[in-house]
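Naming: A, B, ... by sequence-line order, numbering from 1 per chain. Note: hydrogens, waters and symmetry copies are ignored here, and every other heavy atom, side chains too, is used.
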Amino acid sequence: MADTFQAPRGTRDILAPESERWHVLVARFAQAARQAGYRPVIPPMFEELAVFQRVGESTEVVRKEMFLLAEREGETRQALRPEQTASVCRMFAQHRPPTPWKVFYSGSNFRYERPQKGRYRQFDQVGAEVLGTDDPDADVEIIALAWRFYQQIGLRKVTLLLNSLGDGEGRANYVAALRAYFGAHLDALSAQSRETLAINPLRVLDSKRPEDGEIVAAAPRMVDHLSAQDGAHFERVRAGLDALRVPYELAPRLVRGLDYYTRTTFEFASSALDAAQNAVGGGGRYDGLVADLGGPAVAGVGFALGVDRILLACDAEETFGPPDSAVDVFVVATVDGTDALELTDELRSAGIGADRAFDARSMKSQMKAADRSGARLALIVGSQEQESASVALRPLRLGGEQQLVPRAEVVARVRALLDAAGA
RNA sequence: GUGGUCGUAGCUCAGCUCGGUUAGAGCGCCAGGUUGUGGCCCUGGAGGUCGGGGGUUCAAGUCCCCUCGGUCACCCCA
């Protein structure tokens with residue numbers, strides 16, 4: 001036996017019916033975003049490594065999980081994208097579109113990490129971003145867009161966790177306060193947290209290690225260090241969410257894995273999933289990122305939602321099943337197959353879903369295939385029908401008797417039957 | 001990157017503890033029963049080098065080692 005191959009580690013093949021729900025999900029998201037005035041962008045799958053390094057030198061994503069492409073002479077180092085916000089900001093810096101620039105996207109990202117359920121090396125996200133304004137209403141619009149989308153696909157056990165990380169002086173003061181606080185309790189911290197502390201004190205708040213629990217819980221809170229301006233911004237975001245009746249929980253310890261976030265920060269957690277993969281989406285404001293990428297100093301806010309995890313949550317909540325994939329009509333032809341070829345083509349051209357069997361199987365076999373296809377109607381052409389230039393029309397999942405119709409009238413008769421049944 | 005656990009037909013699994021005839025079941029698939037008609041039923045068939053490699057042994061799906069992959073926790077994140 002020849003060597004067999006399998007999908008690379010951390011990737012998976014998505015077959016129907018899973019692939020069907022996947023497509024519907026992405027289409028629904030696109031529809032929701034377009035309805036809110038967002039337009040699609042299609043960033044490249046890879047960028048110069050430096051673009052992604054801007055999301056934070058201290059993050060795992062950049063330090064250990066980049067999918068680097070082989071370096072070629074005379075070219076800068078490139079990497080597969082680990083997320084798309086950085087690319088969107090690079091696009092903005094490069095093309096300088098009019099603001100506010102409201103965009104959405106969907107597609108795969110790549111992170112070289114150890115795979116687990118709901119965590120893959122190639123994973124898909126849908127996301128939306130607003131660049132060019134720091135109006136808190138934009139934050140609210142973004143959050144509401146994501147929230148309504150979860151609602152629309154039937155997820156009920158999603159919680160919005162909200163925080164503000166502040167910016168500028170307030171943020172600097174807070175980081176200093178955190179550093180001092182954790183520094184004073186060094187021996188109570190886990191070894192890993194002590195390392196993290198040296199790199200980015202904010203991320204120590206993220207620790208789930210039990211020995212850190214107590215000390216993290218008592219750590220100073222960002223909300224107490226916000227500047228007057230950032231505090232007002234956050235108040236306005238909260239008021240907006242209240243006005244839209246989008247429920248949220250304040251999460252003063254919520255920091256996110258990417259360092260570019262400022263001010264509003266949020267995460268969507270599904271209580272239907274295990275803690276390891278319960279983050280079904282997240283986002284926030286990144287007011288300095290475009291400038292970091294060589295663009296103008298414009299503000300930005302956005303989110304990304306994990307397609308794989310959303311579908312996992314849908315399974316857990318038993319919602320958003322695969323769409324009906326049945327074709328309308330199945331053509332059974334036992335004489336020479338040309339009838340099947342022509343009839344299916346005619347039906348499809350008329351906008352009727354049609355399928356057939358191959359390999360000149362027996363009528364019984366073709367009828368079984370017709371049944372399995374889920375078609376509501378079978379069209380049968382045997383030698384008798386062929387001689388009389390007619391087609392037998394047999395209801396499979398419809399009421400009524402099998403009838404013989406003239407070949408020339410088939411499409412019209414099929415349509416009439418389907419319409420009658422559909423109504 | 002660390003630790004645990006699992007890996008037998010397309011799918012779900014039995015067999016492994018105490019090595020020993022041609023490795024089984026259900027579902028699915030194909031064909032026949034019905035020489036022109038699906039869903040139910042009956043009969044038969046195809047399909048597995050037991051994830052891969054090495055070792056122990058007269059003998060390995062069963063024991064040992066390595067490796068690949070899944071999965072769970074940590075880490076991190078979507």
Side-chain angles (χ1 to χ4, degrees), chain A residues 1-12 15 55-56 58-65 82-85 106-127 146 190-193 195-196 200 203-204 206-212 254-258 267-270 273-283 303-313 330 332-335 357 359 361-387 392-397 401-402 404:
Chain A
M1 184 166 67
D3 288 345
T4 56
F5 294 105
Q6 53 189 320
R9 180 160 212 213
T11 70
R12 43 193 197 133
L15 284 69
V55 309
S58 72
T59 64
E60 292 277 315
V61 169
V62 171
R63 286 163 61 213
K64 311 204 306 213
E65 299 176 359
E83 55 122 41
Q84 290 173 68
T85 302
S106 65
S108 297
N109 304 311
F110 306 85
R111 293 180 194 174
Y112 191 85
E113 48 188 343
R114 187 141 164 195
Q116 216 179 98
K117 188 176 186 184
R119 187 171 87 177
Y120 305 101
R121 289 183 171 182
Q122 175 175 350
F123 64 100
D124 268 58
Q125 290 183 326
V126 296
S190 64
Q192 261 172 320
S193 286
E195 271 178 49
T196 309
N200 184 346
R203 303 170 57 77
V204 176
D206 232 0
S207 169
K208 285 183 208 161
R209 288 170 287 274
E211 61 265 43
D212 293 334
L254 175 71
V255 295
R256 299 194 34 83
L258 303 168
E267 199 165 289
F268 297 98
S270 168
L273 296 177
D274 294 332
Q277 68 264 6
N278 73 353
V280 292
F303 63 75
L305 315 182
V307 173
D308 312 74
R309 288 188 184 176
I310 288 174
L311 290 175
L312 232 39
F330 198 95
V332 172
T334 55
V335 185
D359 302 319
R361 308 232 190 202
S362 69
M363 180 167 289
K364 174 172 176 168
S365 166
Q366 292 192 47
M367 284 302 294
K368 274 172 170 276
D371 184 53
R372 271 195 303 257
S373 77
R376 288 183 287 178
L377 226 48
L379 298 194
I380 303 170
V381 186
S383 50
Q384 290 166 26
E385 289 80 8
Q386 202 179 49
E387 277 165 32
L393 214 154
R394 179 180 178 83
L396 295 175
R397 297 176 185 215
E401 295 296 307
Q402 179 168 329
L404 202 62

- Query: Nearest-Å distance, CG (A:L404) to C1' (B:rG36)?
  - Reply: 13 Å

- Message: Rounded to whole Å, please give me the gap between CZ in A:R397 and P in B:rG39.
- Response: 12 Å

Which atom pairs link the protein and nucleotides 7-10 of chain B when you take only N or O atoms and keep those under 3.5 Å?
none

- Query: Can A:Q125 and A:N109 be counted as having a side-chain donor-acceptor contact under 3.5 angstrom?
  - Reply: yes

- Side-chain donor-acceptor pair under 3.5 Å between A:S270 and A:N278, yes or no? no

- Message: If I pick the P atom on B:rG19 and the same atom on B:rC58, what distance separates them, to the nearest angstrom?
- Response: 15 Å

- The contact string for nucleotides 73-78 of chain B, one letter per nucleotide 5' to 3', using protein heavy atoms under 4.0 Å with B, S and - for base, sugar-phosphate only and none, comes out as BBBBBB

- Note on the structure: The ring-ring contact (aromatic ring centres under 6.0 Å, His included) partners of A:F123 (sequence neighbours excluded) come to none

- Across all strands shown, which nucleotide pairs with B:rU43 by Watson-Crick or G-U wobble geometry, both distances under 3.5 Å? B:rA31

- How far does the C1' atom of B:rC30 sit from the matching atom of B:rG10, given to the nearest Å? 13 Å

- Rounded distance in Å between the P positions of B:rC18 and B:rA25: 28 Å

- Task: Test for a donor-acceptor pair under 3.5 Å between the base of B:rG36 and the side chain of A:Q384, counting only N and O atoms.
- Result: yes

- Pairing nucleotide - B:rC13, Watson-Crick or G-U, each distance under 3.5 Å: B:rG24

- What is the distance, rounded to the nearest whole Å, between atom CG of A:L312 and atom P of B:rU71? 10 Å

- Taking atom C1' in both B:rG15 and B:rA9, what distance in whole Å separates the two? 14 Å

- Message: Check whether A:R394 reaches the backbone of A:Q402 with its side chain - one donor and one acceptor, N or O, closer than 3.5 Å.
- Response: no

- Query: If you take all heavy atoms of A:A375 and A:F330, which pair is closest and at what distance?
  - Reply: CB-N, 3.7 Å

- Taking the C1' atom of each, how far is B:rG36 from B:rU43, in whole Å? 23 Å

- Message: Evaluate A:T334 against A:R361 for side chain to side chain contact (heavy atoms under 4.5 Å, CB included), listing each step before the verdict.
- Response: CA-CA 7 Å; A:T334 55; A:R361 308 232 190 202; over 6 Å; no

- Taking atom types as they are modelled, is there a donor-acceptor pair under 3.5 Å from the base of B:rU37 to the side chain of A:Q366? no

- Between B:rU34 and B:rG70 - C1' atom distance, rounded Å: 46 Å

- Item | Pair assignment for B:rG7, Watson-Crick or G-U wobble, requiring both distances under 3.5 Å | B:rC68

- Task: Over all heavy atoms of both residues, which pair between A:A146 and A:L305 is shortest? Give the atoms and the distance, please.
- Result: CB-CD2, 4.2 Å

- Message: Does A:R9 contact B:rG70 through a side-chain donor or acceptor facing the base, at a distance under 3.5 Å?
- Response: no

- Task: Output yes when a side-chain donor or acceptor of A:D308 lies under 3.5 Å from a complementary backbone atom of A:D124, and no otherwise.
- Result: yes

- Has the side chain of A:E387 got a donor or acceptor atom that lies under 3.5 Å from a matching backbone atom of A:Q384? no

- Please state the P separation for the pair B:rG7 and B:rC50 - nearest whole angstrom. 15 Å

- Whole-Å C1' distance, B:rC42 and B:rA60: 40 Å

- What residues in residues 370-380 of chain A put a non-hydrogen atom under 4.0 Å from any atom of RNA chain B? A:D371, A:R372, A:I380

- Which residue lies toward the 5' end of RNA chain B, A:R394 or A:P8, if each is placed at its nearest nucleotide? A:R394

- Message: Main chain of A:F110, side chain of A:R121: is a donor-acceptor contact present, judged purely on distance under 3.5 Å?
- Response: no

- Message: Going by purine N1 to pyrimidine N3 plus the second Watson-Crick contact, or the G-U wobble pair, all under 3.5 Å, which nucleotide sits opposite B:rU2?
- Response: B:rA73

- Item | Pairs flagged by side chain to side chain donor-acceptor pair (under 3.5 Å) wherever residues 363-374 of chain A is involved - sequence neighbours left out | none

- Message: With no hydrogens and no angle check, just 3.5 Å: does a side-chain donor-acceptor pair link A:Q122 and A:S108?
- Response: yes

- Query: Does a side-chain heavy-atom distance below 4.5 Å link A:M363 with A:I380?
  - Reply: yes

- Message: What verdict does the side chain to side chain contact (heavy atoms under 4.5 Å, CB included) test give for A:E267 and A:V280, after you've listed the backbone C-alpha separation in whole Å, the side-chain angles of each residue and the deciding distance to 0.1 Å?
- Response: CA-CA 8 Å; A:E267 199 165 289; A:V280 292; over 6 Å; no

- Test for a donor-acceptor pair under 3.5 Å between the base of B:rG36 and the side chain of A:E385, counting only N and O atoms. yes

- Task: Output yes when a side-chain donor or acceptor of A:R309 lies under 3.5 Å from a complementary backbone atom of A:G281, and no otherwise.
- Result: no

Under 3.5 Å between N/O atoms: give me all the protein pairs with nucleotides 31-33 of chain B, atom names plus distance.
unit_1, atom_1, unit_2, atom_2, d
B:rA31, OP1, A:R361, NH1, 3.4
B:rG33, N7, A:K364, NZ, 3.2
B:rG33, O6, A:K364, NZ, 3.1

